[in-house]
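The structure appears below as structure tokens.
Sequential numbering from 1 along the given sequence is applied to the chain's residues.
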Amino acid sequence: MMLHTLPKHDGFYMPAEFSPHQATIMIWPVRPGSWGKDPHAAQEAFLQVIRTIAQSETVYLLADATHYEEAKAAAGAFASVLSIESNDAWARDTAPTFVTDGTHIRGVSWRFNAWGGNVDGLYAHWEADDALAAAFCEAQGIPCYDAGDFVLEGGSIHSDGEGTLMVTEACLLSAGRNPQLSRAGIEQRLCSCLGAEKVLWLPRGIYNDETNEHVDNICAFLSPGEVVLAWTDRQDDPQYALSAASLAYLERQTDARGRRLRIYKLPIPDVPVCCSAEDCAAYSFEPGEDTREPGERLAASYVNFYFSNDAVLLPQFGGENQHSDRRAAAIMAELCPDRRIVPIDARAILQGGGNIHCITQQIPKGLRK
């Protein structure tokens with residue numbers, strides 16, 4: 001059932017990711033322009049994520065009709081596989097954003113235009129991705145709010161569950177999303193659709209992030225009043241200025257409850273993760289699809305982790321960054337003592353353009369209807 005009221009007026013709000021889930025949505029990766037002509041490495045990384053999440057909550061794995069049986073054979077023992085069409089596997093950005101009134105849950109269906117539409121979108125056709133949120137809610141009998149013409153991706157928002165949202169200016173003010181709206185107009189739409197009282201606008205995200213710098217790659221809530229920020233001490237790294245600007249901003253802010261933020265730094269990999277000539281040759285791009293070049297720096301960040309009910313699924317990049325990987329795991333273990341830290345070899349996911357948080361979307365606990 002599509003709803004045309006506003007979640008905030010109905011008493012619904014977006015809970016924090018660290019709050020209890022009933023399930024997680026993922027999508028089986030097959031697009032050659034993201035996962036290569038042979039997607040098995042990416043699929044194995046997805047399966048590791050699925051198996052980990054399934055230890056504490058249900059996983060819904062969506063697959064198009066052509067690949068449904070393949071996905072069911074690979075993941076059916078761990079996930080509930082649903083036949084729903086998509087253009088790619090970024091569930092964070094195309095699956096519903098869920099809101100709750102404390103008991104019931106509802107979905108929100110934003111407009112999706114491949115991270116920028118005709119201005120700077122990453123592929124030319126996104127119709128199935130745009131329809132996915134409503135299709136999932138219909139299949140599961142979950143009421144769904146229609147956000148109208150408002151373009152937004154789930155990776156561009158974080159919520160503390162207590163009235164505070166976090167976004168980046170680089171993304172939400174980009175020309176390819178909602179140019180008809182002012183910053184104040186965008187903020188009003190966010191608060192109405194997500195039941196929030198205050199929006200924190202970080203200026204920038206991760207260097208070379210092709211989503212126009214989603215917030216989920218640069219900063220995340222650990223609990224109300226506490227955030228973790230992607231960081232580097234190397235002033236000659238292009239990330240330094242971006243992280244420093246966000247740090248300076250956050251240090252001046254309070255959240256919706258008036259709390260000063262406690263900010264923890266989570267260093268990015270010491271060695272930039274780049275696309276090799278061999279990596280580039282493995283892709284098969286469609287007309288209008290964004291391509292990669294040998295030596296292109298990928299937007300590697302440990303902040304792109306995912307909270308399941310009992311774990312932190314933490315990206316690992318391997319190779320020259322084994323020390324960085326271990327350091328990130330140690331930091332997150334200290335910051336999240338009540339959850340297991342599960343390192344995931346995520347290089348194959350990063351090759352697609354995102355990471356663990358980008359391929360997952362939580363469904364909060366509730367009575368569904």
Within the side chain of E85, is there an N or O that forms a donor-acceptor pair under 3.5 Å with the backbone of A65? yes
Could you tell me whether Y123 and W115 have their ring centroids closer than 6.0 angstrom? yes
Flag side-chain contact, heavy atom, 4.5 Å: I359 against I27: no
Passes side-chain hydrogen bond (donor to acceptor under 3.5 Å, both in side chains), K198 versus T254? Steps please. CA-CA 9 Å; K198 185 170 186 176; T254 58; 3.2 Å; yes
I'd like to check L202 versus L250 (side-chain heavy atoms, cut-off strictly below 4.5 Å). Are they in contact? yes
N355 and N217 side chains, donor-acceptor separation under 3.5 Å: no
Locate the shortest heavy-atom distance separating V228 from F305; write the atom from each residue and the value. CG1-CE2, 3.8 Å
ring-ring contact (aromatic ring centres under 6.0 Å, His included) involving F285 - partner list, sequence neighbours excluded: Y283
Side-chain donor-acceptor contact under 3.5 Å, D10 with T5: yes
Can R257 and E197 be counted as an ion pair, charged N to O under 4.0 angstrom? no
With a 4.0 Å cut-off, would you call R111 and D129 a salt bridge? no
Should R327 and D270 count as an ion pair when the cut-off is N to O under 4.0 Å? yes
Any heavy-atom pair between the side chains of L62 and S86 that's under 4.5 Å? no
On a heavy-atom basis, the closest approach of N178 and D149 is OD1-O, 3.8 Å
Can you tell if the side chain of C358 reaches within under 4.5 Å of the side chain of D216, non-hydrogen atoms only? yes
Side chain to side chain, T360 and R92, heavy atoms closer than 4.5 Å: yes
Would you kindly say whether W201 and T168 are connected by a side-chain donor-acceptor distance under 3.5 Å? no
Distance-minimising heavy-atom pair for A45 and I349: CB-CG1, 3.7 Å
When you check the gap from the basic side-chain N to the acidic O, do D279 and R292 get nearer than 4.0 Å? no
Indicate whether the side chain of Q188 and that of S192 have a donor and an acceptor atom separated by less than 3.5 Å. yes
Is K365 paired with E57 through a side-chain N to carboxylate O contact shorter than 4.0 Å? no
The test is side-chain hydrogen bond (donor to acceptor under 3.5 Å, both in side chains); show your working for Q351 and R347 and say whether it passes. CA-CA 6 Å; Q351 288 288 152; R347 174 61 190 260; 2.8 Å; yes
Do H158 and H214 have ring centres separated by under 6.0 Å? no
Between D310 and S56, is any side-chain donor less than 3.5 angstrom from a side-chain acceptor? yes
Identify the heavy atoms of V273 and A300 that sit nearest to each other, and give their distance. CG2-CB, 3.9 Å
Pairing of E286 and R31 as salt bridge, 4.0 angstrom limit: yes
Taking only residues two or more places apart in sequence or in another chain, which ones pass ring-ring contact (aromatic ring centres under 6.0 Å, His included) with F136? Y60
Quick one, E70 and Q43 - any side-chain contact, counting heavy atoms below 4.5 Å? yes
Smallest separation among heavy atoms of L6 and Y145, with atom names: C-CE2, 3.9 Å
Is the shortest side-chain heavy-atom distance between I186 and F150 below 4.5 Å? yes
Determine the interplanar angle of the Y306 and H21 rings, folded into 0 to 90°, and report it as parallel if under 30°, tilted if 30 to 60°, perpendicular if over 60°. tilted
Can you list the steps and then say if E251 with R260 is a salt bridge (Lys or Arg N to Asp or Glu O under 4.0 Å)? CA-CA 8 Å; E251 288 177 334; R260 287 282 180 185; over 6 Å; no
At their closest point, which heavy atom of I50 faces which heavy atom of A79, and how far apart are they? CG2-CB, 4.0 Å
Relative to the ring of W35, is the ring of W90 parallel (under 30°), tilted (30 to 60°) or perpendicular (over 60°)? tilted
